[in-house]
Amino acid sequence: MADILEPYAFVIPHRDLQDPRYGWRFQNLLFNYIHDYMIETFTHTPHHIGT
């Protein structure tokens, strides 16, 4: 099962941390990250392997 999982990386460049709109961008990035993780959690299950 380890061969079907992709590692997630949450990289924030230093220049983005200095942006005044960083709070909104971080919220959007976090929401998209969680959304993708949840979708993959329910679509790439061991039950679906080999189908």
Side-chain angles (χ1 to χ4, degrees):
M1 184 166 147
D3 58 335
I4 65 167
L5 300 176
E6 290 184 24
Y8 278 90
F10 202 79
V11 179
I12 302 171
H14 182 68
R15 68 173 185 265
D16 288 351
L17 294 172
Q18 296 173 345
D19 189 348
R21 296 171 297 200
Y22 170 72
W24 292 107
R25 289 186 181 183
F26 179 76
Q27 182 178 358
N28 187 313
L29 182 66
L30 185 62
F31 176 80
N32 289 337
Y33 176 82
I34 293 172
H35 176 266
D36 291 347
Y37 181 79
M38 293 302 294
I39 294 298
E40 289 191 17
T41 298
F42 292 108
T43 58
H44 296 135
T45 62
H47 175 69
H48 293 100
I49 296 174
T51 57

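For the salt bridge (Lys or Arg N to Asp or Glu O under 4.0 Å) test, residues two or more places apart in sequence or in another chain that qualify with Asp19 are Arg21, Arg25. The side chain to side chain contact (heavy atoms under 4.5 Å, CB included) check on Pro13 picks up Arg15, Asp16, with sequence neighbours excluded. In this view, Tyr22 and Phe26 satisfy the ring pair (Phe, Tyr, Trp, His ring centres under 6.0 Å) rule, not counting sequence neighbours. For the side-chain hydrogen bond (donor to acceptor under 3.5 Å, both in side chains) test, residues two or more places apart in sequence or in another chain that qualify with His14 are Gln18.
In the model, Asn32 has a side-chain atom that pairs as donor or acceptor with a side-chain atom of Asn28 under 3.5 Å.
There is a path of hydrophobic side-chain contacts, each under 4.5 Å, that joins Tyr37 to Ile12. The cluster map of Ile, Leu, Val, Met, Phe, Trp and Tyr, joined by side-chain heavy atoms under 4.5 Å apart, puts Trp24 and Phe31 in different clusters.
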